[in-house]
There are 2 protein chains.
Amino acid sequence: MMDERVRERVLNAADRLYYGRGIQSVGMDELRRASGVSLKGLYGVFPSKAAIVLEVLDRRHALWNTGVTDRVARAETPRAKLLAIYDYLSDWFSDDTFRGCGFINAFAELGSISPEVAERAREHKAGFQSFVAGLVADAGADPDLAPQLSILAEGAQTTAAIAGTGEAAVHARHAAEILIDAAMLSGATSASECPSAKA
Amino acid sequence: MMDERVRERVLNAADRLYYGRGIQSVGMDELRRASGVSLKGLYGVFPSKAAIVLEVLDRRHALWNTGVTDRVARAETPRAKLLAIYDYLSDWFSDDTFRGCGFINAFAELGSISPEVAERAREHKAGFQSFVAGLVADAGADPDLAPQLSILAEGAQTTAAIAGTGEAAVHARHAAEILIDAAMLSGATSASECPSAKA
DNA sequence: TTGCTTTGAGAACGTTCGTTCTCTATGGTT
DNA sequence: AACCATAGAGAACGAACGTTCTCAAAGCAA
């Protein structure tokens, strides 16, 4: 089988298994069975399990980035773009394979014993935070809004994962609306006006 | 050695090791070495590693509860009590052994293969959420504020853990102030007044 | 001292892990 | 047909895991 096809099948199976059941709980034998690639083929394309884990994280990072970027791009106003993040989360949470953020999970499992995994998690989160910061800047809002919205998104993911329900996305979106409205005021002017709380 | 002292030493060591390096990464032999309790003594008091894990989680749950409850009790106004949560987080984050929420970590590692661990995590989070809901009710604010504040606290914990810095607590506290102010308006009356954004 | 119980240190057991090796069968080339 | 490179299935290996067992030392009763 061609190398690229082998890689694809292994990484697909590995992502599904690692995300669904945890990295340490899934052995190479199960990955062989799930991917249909023999152990020899597997080690012919990847040097080790650790390398597979890192590639799985990289793919998941790219998938998340395009997913949220596309969703945000479909919104029109700067405010709607910020809120689109939580709509994307809401859809994700209602996927019945949802089991929290793969990077948070990987970090919790391996972050303290694998510097590479910890670094991927940090990069992933930092990337998201700077993406949000860009949207906040486009909206002309107070820059402090960015970490606030990032924290909301983060909290929604873990809350939804542990609770097993997706309602956290709705709550986070609601909170985001309020924070955005407050930050659009203090970002543009110095908050001397007195508008009503809701539009 | 007396059983209670053995339990104490084992659970202290287990909590430190499991929290610091992950549960699956710490073997019984290392726990024996760290606790100074022989393997025989260990299995004389606990039936299995899984039982130790659950007791560690229970202790951590109790510790968190008393810690945050005490901190909240020291605040005077309902608003200050809600914000005290984030001050507690801020102190926790600056502890150099901080490595995120132990329940999120345990859930990520074992939630999908250990129903008991998953249940402890759910109970822990549900307990915190209803604690916050009580404070929100005491403050006379819109009940929707409670999940919003819980999500902020959750997000601050994972953000601080992965970033390795504690600044998320400050951002979360800031966001909480804005959300509280908004919810105190819509909770007490039907938001017909027009106050300034900050007190 | 003698005998009995308890205990700690760590060897041992069975399993599982990641990784490598063996062997066989297959498919393509001449 | 003869040859050879390849690749799959799974055995094999060393290490680590959770758990149990062995055995010698130590404490205590008589």
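Residue numbers start from 1 in every chain, and the chains themselves are labelled A, B, ... in the order their sequence lines are given, proteins ahead of strands. Not measured: the values here are computed from a predicted model.
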A.B. asks: Side chain of B:Leu39: nearest nucleotide among D:dA11, C:dG10, C:dG18?
C.D. replies: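 Of the candidates, C:dG10 comes closest.
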A.B. asks: Whole-Å distance between C:dG18 P and A:Leu17 CG?
C.D. replies: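 In whole Å, C:dG18 P and A:Leu17 CG are 12 Å from each other.
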A.B. asks: Just to verify, which of B:Thr77, B:Leu145, B:Leu179 counts as forming a side chain to side chain contact (heavy atoms under 4.5 Å, CB included) with B:Leu82?
C.D. replies: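 That would be B:Leu145.
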A.B. asks: Figure out the CZ/C1' separation between B:Arg32 and C:dG8, and round it to whole Å.
C.D. replies: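 Roughly 10 Å, once rounded to whole Å.
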A.B. asks: Which nucleotide wins on minimum distance to the side chain of A:Ser38, given the candidates D:dA9, C:dG18, D:dG18?
C.D. replies: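 Looking only at heavy atoms from C-beta outward on A:Ser38, the closest nucleotide is D:dA9.
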A.B. asks: Calculate the interatomic distance between B:Ile113 atom CD1 and C:dT16 atom C1'; express it in whole Å.
C.D. replies: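 Value for this atom pair: 13 Å.
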A.B. asks: Can you tell me the distance, in whole Å, between the OH atom of A:Tyr43 and the P atom of D:dC13?
C.D. replies: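 About 17 Å, once rounded to whole Å.
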A.B. asks: Are the side chain of B:Gln148 and the backbone N or O of A:His174 linked by a donor-acceptor pair below 3.5 Å?
C.D. replies: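 Looks like no, no N/O pair under 3.5 Å.
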A.B. asks: Among C:dC23, C:dA11, C:dT7, which is the nearest nucleotide to the side chain of B:Lys40?
C.D. replies: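 It is C:dT7.
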A.B. asks: With sugar-phosphate meaning primed atoms plus P, OP1 and OP2, does B:Lys49 contact a base, only sugar-phosphate, or nothing at under 4.0 Å between heavy atoms?
C.D. replies: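 Sugar-phosphate: the residue B:Lys49, judged by heavy atoms under 4.0 Å, touches backbone atoms but no base.
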A.B. asks: Please confirm whether the backbone N or O of A:Ala84 pairs with a side-chain atom of A:Arg71, one donor and one acceptor, at under 3.5 Å?
C.D. replies: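 No; judged by distance alone, with no hydrogens or angles, the pair does not exist.
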A.B. asks: Could you check if a side-chain atom of A:Phe128 sits within less than 4.5 angstrom of a side-chain atom of A:Trp64, using non-hydrogen atoms only?
C.D. replies: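 In contact.
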A.B. asks: Tell me: CG of A:Leu42 to C1' of D:dG8, nearest whole Å?
C.D. replies: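 It works out to 12 Å between those atoms.
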A.B. asks: B:Asp29 has an atom CG; how far is it from atom C1' of D:dT20, in whole Å?
C.D. replies: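 From B:Asp29 CG to D:dT20 C1': 14 Å.
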A.B. asks: How close or far is atom P of D:dC17 from atom CG of B:Leu31, stated in whole angstroms?
C.D. replies: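 Going from B:Leu31 (CG) to D:dC17 (P), I get 12 Å.
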A.B. asks: Could you state the atom-to-atom distance from CD of A:Glu30 to P of D:dG10 in whole Å?
C.D. replies: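 Going from A:Glu30 (CD) to D:dG10 (P), I get 16 Å.
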